[in-house]
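What follows is a single structure, written as structure tokens, with notes after it.
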Amino acid sequence: MATRAGLGYVSPPNPNANTCILNKADTGSPASHRYFLARRTVCEMLRDRGCAIDDSELTRSLSEFRSVFGDQPDPDTLRICAPLVSKPFKKVLVVFCGPEEINKAKAKFILLNIPNKESLHRIIIVLGGKMNHFARAEFELCEVKVEVFPITELIVNITKHVTMPKHEILTPEEKEQLLLKLKLADNQMPYMMENDAIARYYGLEKKQVVKITYNSQITGSFVTYRCVK
């Protein structure tokens with residue numbers, strides 16, 4: 001309370017003092033917020049990989065997400081199956097898992113409940129908890145390549161960071177032209193590890209080449225290339 005100097009006046013409390021803060025507070029569950037952020041990043045990642053993703057998936061707000069999936073989302077309802085623009089008959093399936101640990105039996109169950117695997121280009125597993133090495137081995141045996149992302153890696157889209165340079169994946173033809181121009185072989189190029197965060201985001205495989213464009217006020221603009229190793 002404020003006292004007016006010399007008069008002994010005490011101002012009454014303001015009942016609306018914290019209204020703006022309370023109105024902005026997120027009263028929903030942390031789980032729904034986490035799934036919202038991760039699913040949005042996954043949709044951005046799929047589009048960057050050349051999948052057909054509706055704009056509504058990228059512009060959906062947190063409140064809209066909760067109205068569709070609830071405040072305690074069932075991970076099974078969060079699945080995404082997106083076709084490749086260049087090959088619409090091939091799709092990428094994203095499976096969200098809950099916080100329980102994924103063991104071998106759970107991994108088998110997930111794979112057995114994925115129909116029409118022959119139409120899939122990739123399977124992406126988003127982990128809400130841990131996964132043991134027996135489960136990883138089970139996924140590696142799948143006839144479709146399986147990628148695994150802890151949900152914590154998808155809360156923020158790393159490619160949107162202000163310091164992140166622009167990455168462009170070269171086609172096989174563009175790669176061949178580059179190697180001829182530079183008179184280099186694959187193993188003579190600077191490399192990027194297959195488990196690098198950017199390589200994982202774009203789903204890159206060994207020997208693919210990435211064009212990286214830096215644009216900095218300090219160093220200026222320049223281009224370099226990396227071959228996935």
Side-chain angles (χ1 to χ4, degrees), residues 23-84 88-160 197 200-203:
N23 285 343
K24 293 183 179 180
D26 182 6
T27 57
S29 73
S32 61
H33 196 182
R34 185 167 57 248
Y35 280 127
F36 161 72
L37 294 172
R39 196 174 189 275
R40 183 176 62 187
T41 297
V42 167
C43 288
E44 293 168 343
M45 181 171 72
L46 291 176
R47 178 174 281 190
D48 288 341
R49 291 187 181 197
C51 291
I53 295 292
D54 193 274
D55 288 342
S56 62
E57 291 284 8
L58 306 178
T59 59
R60 178 183 285 143
S61 67
L62 176 57
S63 60
E64 290 170 339
F65 175 88
R66 285 173 173 152
S67 70
V68 174
F69 299 104
D71 194 48
Q72 297 292 339
D74 179 352
D76 285 339
T77 66
L78 301 176
R79 285 194 178 197
I80 304 168
C81 192
L84 296 172
F89 54 90
K90 283 292 185 181
K91 300 178 176 67
V92 176
L93 174 67
V94 183
V95 178
F96 287 80
C97 300
E100 67 279 359
E101 181 178 358
I102 306 298
N103 53 26
K104 183 177 180 178
K106 180 65 175 177
K108 280 187 172 184
F109 178 82
I110 291 172
L111 293 175
L112 285 172
N113 283 274
I114 296 176
N116 304 320
K117 290 190 185 69
E118 64 279 359
S119 68
L120 297 179
H121 171 65
R122 294 277 178 93
I123 298 171
I124 296 175
I125 306 294
V126 179
L127 296 177
K130 296 181 179 180
M131 182 172 70
N132 64 37
H133 68 278
F134 297 108
R136 290 187 183 276
E138 195 65 33
F139 285 134
E140 288 173 3
L141 294 174
C142 182
E143 60 268 34
V144 181
K145 181 169 182 177
V146 178
E147 302 174 53
V148 178
F149 285 87
I151 195 170
T152 51
E153 289 185 10
L154 299 169
I155 299 301
V156 175
N157 186 335
I158 59 171
T159 67
K160 293 184 177 296
R200 281 169 49 73
Y201 178 89
Y202 287 105

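Values below: every heavy atom of this structure, side chains too, minus hydrogens, waters and symmetry copies.
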Side-chain contact, heavy-atom cut-off 4.5 Å: [X] with [Y]?
| X | Y | value |
| --- | --- | --- |
| Val146 | Ile125 | yes |
| Arg60 | Arg40 | no |
| Val42 | Ile124 | no |
| Val148 | Leu127 | yes |

Checklist line | Counterpart residues, side-chain hydrogen bond (donor to acceptor under 3.5 Å, both in side chains), relative to Asp54 (two or more places apart) | finding: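 Asp54: side-chain hydrogen bond (donor to acceptor under 3.5 Å, both in side chains) contacts with Ser56.
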Next item on the list: Could you pull out all residues at least two apart from Tyr201 that satisfy side-chain hydrogen bond (donor to acceptor under 3.5 Å, both in side chains)?
Entry: Asp48, Asn157
Please output the side-chain donor-acceptor pairs of residues 99-115 that fall under 3.5 Å, not counting sequence neighbours, one pair per line with the distance.
residue : atom : partner : partner atom : Å
Asn103  : OD1  : Ala105  : N            : 3.3
Asn103  : OD1  : Lys106  : N            : 2.8
Asn113  : ND2  : Phe109  : O            : 2.7

Next item on the list: Please assess Cys142 against Ile123 for the test side-chain contact (heavy atoms from CB on, under 4.5 Å), listing each intermediate value before the final yes or no.
Entry: CA-CA 10 Å; Cys142 182; Ile123 298 171; 4.2 Å; yes
Item checked: Results of salt bridge (charged side-chain N to carboxylate O under 4.0 Å, His left out) for Glu147 - residues two or more places apart only -> Arg49, Arg122
Check: Quick one: salt bridge (charged side-chain N to carboxylate O under 4.0 Å, His left out) partners of Glu153, sequence neighbours excluded?
Finding: Arg200
Ignoring hydrogens and geometry, is there a side-chain-to-backbone donor-acceptor pair from [X] to [Y] under 3.5 Å?
| X | Y | answer |
| --- | --- | --- |
| Arg39 | Leu78 | yes |
| Lys90 | Glu118 | yes |
| Glu138 | Ala135 | no |

Tell me, please, which residues at least two apart from [X] pass side-chain contact (heavy atoms from CB on, under 4.5 Å).
| X | value |
| --- | --- |
| Glu140 | none |
| Ala137 | none |
| Arg66 | Asp26, Ser32, His33, Leu62, Asp71 |
| Leu58 | Cys43, Glu44, Arg47, Ile53 |

Between [atom1] of [X] and [atom2] of [Y], what distance do you get to the nearest 0.5 Å?
| X | Y | atom1 | atom2 | value |
| --- | --- | --- | --- | --- |
| Tyr35 | Ile155 | OH | CD1 | 10.0 Å |
| Phe96 | Thr77 | CZ | OG1 | 9.5 Å |
| Met45 | Cys51 | CE | SG | 9.0 Å |
| Cys97 | Ile151 | SG | CD1 | 10.0 Å |

Name all pairs fulfilling the ring-ring contact (aromatic ring centres under 6.0 Å, His included) condition that reach into [range], sequence neighbours left out, sorted by first residue then second.
| range | value |
| --- | --- |
| residues 137-158 | none |
| residues 110-137 | none |
| residues 51-74 | Phe36-Phe65, Phe65-Phe69 |

Next item on the list: Quick one: do Val156 and Leu37 satisfy side-chain contact (heavy atoms from CB on, under 4.5 Å)? Show the steps, please.
Entry: CA-CA 7 Å; Val156 175; Leu37 294 172; over 6 Å; no
Note to self: Can you confirm whether Lys145 is buried at NZ, in the sense that more than 12 heavy atoms of other residues, nucleotides or ligands lie under 6.0 Å from that atom?
What the structure shows: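 More than 12 heavy atoms, drawn from other residues, nucleotides or ligands, come within 6.0 Å of this atom.
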Next item on the list: Check step by step if side-chain contact (heavy atoms from CB on, under 4.5 Å) holds for Tyr202 and Thr159.
Entry: CA-CA 10 Å; Tyr202 287 105; Thr159 67; 4.1 Å; yes
Checklist line | Working for side-chain contact (heavy atoms from CB on, under 4.5 Å), residues Leu84 and Lys91 | finding: CA-CA 6 Å; Leu84 296 172; Lys91 300 178 176 67; over 6 Å; no
